[in-house]
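Below: the structure, in structure tokens.
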Amino acid sequence: MQNISEQERIRRDAMNNLREMGIEPFPAAAFDTTHYTNALKDGFKPGIHVRLAGRIMNRRIMGSASFAELLDSSGRIQVYFNRDILCPDEDKTLYNTVFKKLLDFGDFIGVEGVTFLTKTGEPSVEVHKFTVLSKSIKPLPVVKTDEAGVVHDAFTDPELRYRMRYVDLVVNEDVKKTFLTRSKIIQTMRDFFNAQNYLEVDTPVLQAIPGGAAARPFITHHNALNIPLYLRVANELYLKRLIVGGFDGVYEFSRNFRNEGMDRTHNPEFTIMEIYVAYKDYFWMMDFTEEMIERICLSVHGKTTVKIGAKEIDFKRPFARFTMAQAIEKYTGVNIENKSEEELRSICKDQGIEVNEAMGKGKLIDELFSEKCEHHFIQPTFITDYPIEMSPLCKRHRDNPELTERFELMVNGTELANAYSELNDPIDQRGRFEEQFSLAQRGDDEAMFIDYDFLRALEYGMPPTSGMGIGIDRLVMMLTGQESIQDVLLFPQMRPEKFETASNADAFVEAGVPIEWAEHLPGAGFPTVEDLKSNKATVIHQKLNGYRKKNKLEISAVQLEDVERWLLA
RNA sequence: GAUCUCGUAGCUCAGCUGGUAGAGCAGUACACUUUUAAUGUACGGGUCCUGGGUUCGAGUCCCAGCGGGGUCACCA
């Protein structure tokens, strides 16, 4: 038995009392409802017979009449319990004992009654019958909101909120809203793609070669094949194989896994939506992306603007477009076109950027951009034409072989989407993989693995294709105004919690402790047999007798010799 | 990984230069038949994260650890 608080003990007692009265605290039968609470309040009409189910969230007991709030998935409504309505006969137990004493804040009940307006004008339900649906034996945090809308005693501790999201969702209404919005964003995207007959697909999460992005993978092992397998860092190479196979458009909401640091914008598992469309190029994809995002914003907010902190972001089409060279010139005054690696290295040094010999041309330009430009792009902006070294899966630019047909969408100073005219020349692709491989030799631990099967697929021929990936978690953050990725993931990664599992009384008895003491050991500070045995007899002796005195236990004091015998056993 | 910071009742948080652990909400008991942060009276509730150290004395000071958060680094 865990150590339980006084309030938990009282609730367990109430649960047992219900059983003794013949009321099952966890009944099996379904409870049919007629309404959701918000639908009932919306265009409220008195005199309607309703059946509702939910949690009791707040009780105001005034002798023979009580008000409470019933919380269901849609919201809450006030419910009115009256002793003489619930118990028209002599026996008032149902109201006086069951409702007032044995039910608690947080319990699930079903109610049957009639809607009415109170004299203060609050839409309410007069309860004629109620059914216990599930007992809550652990008290929820009590969060109250006053008339002015000020929230009191909010449940705010991030650790508790993320570890116990179930509690967070019950007591913090806005949290639920964030996840409803997340679902709506995804649904809007899906509808948009499906309307154009693009196919939603599933590709492997367990991959023998973690391709498609340069990132440290999680590794696992398949026993039957006796090979290492990696959790995917991206699904790009699989979706392109499907374009080779003849699909016109394919997309996947891909849960990706990267074994890297965690912070406000990174979680080890996260979601990217990737879409590939045949016979298109990156210009087409820019238009497509704009339309998609504007649509999402409209469906979520009914307008194209979103507030993030003090900033207002407008997702109205068209978005601004700059090439990477233009962006760098705009914010540093330096023209990087046609510069050698050495020249670029000295430009970086002039701009106060730390460089080293492992950095190639592409990496140097990337540093310039991310240090000097990225944070300036608050409004949605497409940055195009990235250096070839940074984009091994992207087609060479039609006008300049040192660049690629790539764009990233920058919003609020961070990357939101990334897209290419896909590289479909198998010879070029093989060369680029080999370059990546030599980068890896040079010490770049993020360089990519070579996927020979993917090269073979390209050799069979892939039509010109444009692909785009968009970070769903970051998109949701932007559209819900959340500053941490943990607030848009239902269960963000946390260090696992340690649970002290207390030994049960039998284990102590087996270890030689008499039964009358065994049940008290966890409470006295020895949750397990091991904890007991790791202490000195004198310490145990004193603690137990102290505990006995404090709790006025009606058992005789333990003797030091007894304790010594337990430890020997 | 570096650094700053937090950890006290079921929840939100006070607790000063070290001196008997506090409040509000929640809980229990009583009262109260239209309340809504219900109200009134009374009462109970603590491993002050863990382990060491300094001290006559540690929630408070020092060291180490555990857990959370922030910032930086890492992360196409």
Side-chain angles (χ1 to χ4, degrees), chain A residues 3-11 13-14 57-69 76-85 95 101 104-106 116-122 124 126 137-163 167 171 212-216 233-234 258-268 270 354 362-363 365-367 369-370 374 386-387 389-394 406 408 415 418 436 444-448 469 483-484 486 494-498 500 523-527 543 547:
Chain A
N3 277 344
I4 59 171
S5 68
E6 182 193 31
Q7 294 195 38
E8 288 171 87
R9 189 178 47 71
I10 289 166
R11 283 178 179 231
D13 289 347
M57 283 312 277
N58 193 357
R59 285 196 302 174
R60 300 176 285 277
I61 297 178
M62 293 151 299
S64 326
S66 302
F67 288 94
E69 275 149 32
R76 49 177 84 191
I77 194 164
Q78 178 165 272
V79 282
Y80 174 60
F81 293 82
N82 180 295
R83 185 189 63 199
D84 297 327
I85 293 174
Y95 179 80
K101 304 283 185 201
D104 286 294
F105 177 81
F116 76 108
L117 275 178
T118 62
K119 71 178 179 192
T120 56
E122 179 79 16
S124 308
E126 181 183 276
I137 61 168
K138 214 172 172 64
L140 287 164
V142 181
V143 180
K144 293 190 175 181
T145 309
D146 66 19
E147 261 177 83
V150 179
V151 177
H152 298 264
D153 301 324
F155 179 63
T156 53
D157 184 328
E159 174 169 10
L160 298 178
R161 285 187 46 224
Y162 300 146
R163 282 198 198 283
V167 173
V171 302
R216 221 182 316 159
V233 294
R258 298 189 182 177
N259 203 342
E260 287 160 358
M262 295 162 58
D263 61 30
R264 226 174 49 235
T265 54
H266 295 84
N267 193 69
F270 61 103
E354 278 185 43
K363 183 77 182 162
I365 293 172
D366 182 44
E367 285 294 314
F369 180 77
S370 52
E374 204 170 72
Y386 284 61
E389 297 86 342
M390 301 163 53
S391 315
L393 301 168
C394 183
R406 171 177 182 179
E408 285 194 357
E415 174 197 342
N418 181 23
Q436 285 291 305
D444 186 346
D445 59 356
E446 295 150 14
M448 291 185 185
E483 306 215 320
S484 168
Q486 298 179 106
M494 301 283 277
R495 200 179 288 275
E497 194 175 357
K498 273 191 213 133
E500 278 216 351
F526 306 102
K543 274 202 184 179
Y547 183 82

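We name chains A, B, ... by the order of the sequence lines, and we start the count at 1 in each one. As a basis for the values below, the full set of heavy atoms in this structure was taken, side chains included, without hydrogen atoms, waters or symmetry mates.
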Would you mind classifying the nucleic acid contact of A/Arg163 as base, sugar-phosphate or nothing, using non-hydrogen atoms under 4.0 angstrom?
sugar-phosphate

Across all chains, not counting sequence neighbours, the salt bridge (Lys or Arg N to Asp or Glu O under 4.0 Å) partners of A/Glu126 are none

Under 4.0 Å between a side-chain N or O of A/Asn58 and OP1 or OP2 of B/U35? no

From CG of A/Asn418 across to P of B/C75 the rounded distance in Å is 17 Å

Residue set satisfying salt bridge (Lys or Arg N to Asp or Glu O under 4.0 Å) with A/Arg9, at least two apart, ordered chain then number -> A/Asp13

Next item on the list: Spell out, as yes or no, whether a donor-acceptor pair under 3.5 Å connects the side chain of A/Arg60 to the backbone of A/Phe67.
Entry: no

Which value, in whole Å, describes the distance between the P atoms of nucleotides B/G24 and B/C61? 27 Å

request  = Check whether any side-chain N or O of A/Ser64 sits under 4.0 Å from OP1 or OP2 of B/U33, and answer yes or no.
outcome  = yes

Atom CG of A/Asp263 and atom C1' of B/C72 are separated, to the nearest Å, by 10 Å

I'd like the P distance from B/G65 over to B/U3, given in whole Å. 11 Å

Could you tabulate the donor-acceptor pairs under 3.5 Å formed by side-chain atoms of residues 153-161 of chain A, not counting sequence neighbours?
{"unit_1": "A/Asp157", "atom_1": "OD1", "unit_2": "A/Glu159", "atom_2": "N", "d": "2.9"}
{"unit_1": "A/Glu159", "atom_1": "OE2", "unit_2": "A/Arg163", "atom_2": "NE", "d": "3.1"}
{"unit_1": "A/Glu159", "atom_1": "OE2", "unit_2": "A/Arg163", "atom_2": "NH2", "d": "3.4"}
{"unit_1": "A/Arg161", "atom_1": "NE", "unit_2": "A/Asp168", "atom_2": "OD1", "d": "2.9"}
{"unit_1": "A/Arg161", "atom_1": "NE", "unit_2": "A/Asp168", "atom_2": "OD2", "d": "3.2"}
{"unit_1": "A/Arg161", "atom_1": "NH2", "unit_2": "A/Asp168", "atom_2": "OD2", "d": "3.2"}
{"unit_1": "A/Arg161", "atom_1": "NH2", "unit_2": "A/Asp487", "atom_2": "OD1", "d": "3.4"}

- Query: Just checking A/Phe116: base, sugar-phosphate only, or nothing, at a heavy-atom cut-off of under 4.0 Å?
  - Reply: base

Hits for side-chain hydrogen bond (donor to acceptor under 3.5 Å, both in side chains) against A/Thr265, two or more places apart or cross-chain, chain-then-number order -> A/Asp263

Self-check item: Side-chain donor/acceptor of A/His266 to base of B/C75, under 3.5 Å
Solution: yes

When rounded to whole Å, the CZ to P distance for the pair A/Arg59 and B/U39 reads 15 Å

Applying the 3.5 Å cut-off to both distances, the Watson-Crick or G-U partner of B/G24 turns out to be B/C11

Applying salt bridge (Lys or Arg N to Asp or Glu O under 4.0 Å) to A/Glu6 and not counting sequence neighbours gives none

- Quantified in whole Å, what is the P atom distance between nucleotide B/A42 and nucleotide B/U34? 25 Å

Would you please confirm or rule out a distance under 4.0 Å between OP1 or OP2 of B/A38 and any side-chain N or O of A/Arg60? yes

For B/A38, does OP1 or OP2 lie under 4.0 Å from any side-chain N or O of A/Lys144?
-> yes

- Give one of base, sugar-phosphate or nothing for A/Glu367, where a contact means two heavy atoms less than 4.0 Å apart. nothing

Give a yes/no on whether any side-chain N or O of A/Lys101 is located under 4.0 angstrom from OP1 or OP2 of B/C30.
yes

Rounded to whole Å, CD of A/Glu483 lies from C1' of B/U71 at a distance of 14 Å

Pairing partner of B/U71, by Watson-Crick or G-U wobble and under 3.5 Å for both distances, is B/A2

Margin query: Would you say A/Arg495 places a side-chain N or O within less than 4.0 Å of OP1 or OP2 belonging to B/G68?
Written below: yes

When rounded to whole Å, the CE to P distance for the pair A/Met262 and B/G68 reads 8 Å

Between CD of A/Gln486 and P of B/G68 the distance, given in whole Å, is 10 Å

- For A/Gln486 and A/Met262, run side-chain contact (heavy atoms from CB on, under 4.5 Å): C-alpha distance rounded to whole Å, both residues' side-chain angles, the deciding distance at 0.1 Å, then the answer. CA-CA 10 Å; A/Gln486 298 179 106; A/Met262 295 162 58; 5.7 Å; no

Atom CG of A/Asp146 and atom C1' of B/A38 are separated, to the nearest Å, by 13 Å

task: Output, in order, the C-alpha distance, side-chain angles, deciding distance and verdict of side-chain contact (heavy atoms from CB on, under 4.5 Å) for A/Met57 and A/Arg76.
output: CA-CA 9 Å; A/Met57 283 312 277; A/Arg76 49 177 84 191; 3.8 Å; yes

Using Watson-Crick geometry (N1-N3 plus N6-O4 or O6-N4) or G-U wobble (N1-O2, O6-N3), each under 3.5 Å, B/C56 is paired with B/G19

Rounded to whole Å, the NZ-C1' distance (A/Lys138 to B/G27) equals 15 Å

**Q.** Note, A/Arg59 side chain near A/Ser66 side chain (heavy atom, < 4.5 Å)
**A.** no

Walking RNA chain B from its 5' end, the first of A/Glu122 and A/Met390 to be reached, judged by nearest nucleotide, is A/Glu122

Q.
Can you tell me if A/Arg264 touches the phosphate of B/U71, counting only side-chain N or O atoms and a distance under 4.0 Å to OP1 or OP2?
A. yes

Under 3.5 Å donor-acceptor pair, A/Thr120 side-chain atoms to B/U34 base atoms: no

Taking A/Glu122's backbone N and O only, do any of them form a donor-acceptor pair with A/Ser124's side chain (distance below 3.5 Å, no angle check)?
yes

Side-chain contact check for A/Gln78: nearest option of B/U28, B/U36, B/A76 is B/U36

What contact category does A/Tyr80 fall into here, base, sugar-phosphate, or nothing, at under 4.0 angstrom with non-hydrogen atoms?
base

Mate of B/A31 across any strand shown (Watson-Crick or G-U wobble, both atom pairs under 3.5 Å) is B/U39

| message | Considering every strand and a 4.0 Å limit on heavy-atom distances, what is the contact class for A/Asp366: base, sugar-phosphate, or nothing? | response | nothing

Between A/Lys119 and A/Arg258, the residue closer to the 5' end of RNA chain B by nearest nucleotide is A/Lys119

Protein heavy-atom contacts under 4.0 Å, written 5' to 3' over nucleotides 6-12 of chain B as B (base), S (sugar-phosphate only) or - (none), form the string ----BSS

- Task: For A/Thr145, answer base if it contacts any base atom (sugar-phosphate contacts may also be present), sugar-phosphate if it contacts only those atoms, and nothing otherwise; contact means non-hydrogen atoms under 4.0 Å.
- Result: sugar-phosphate

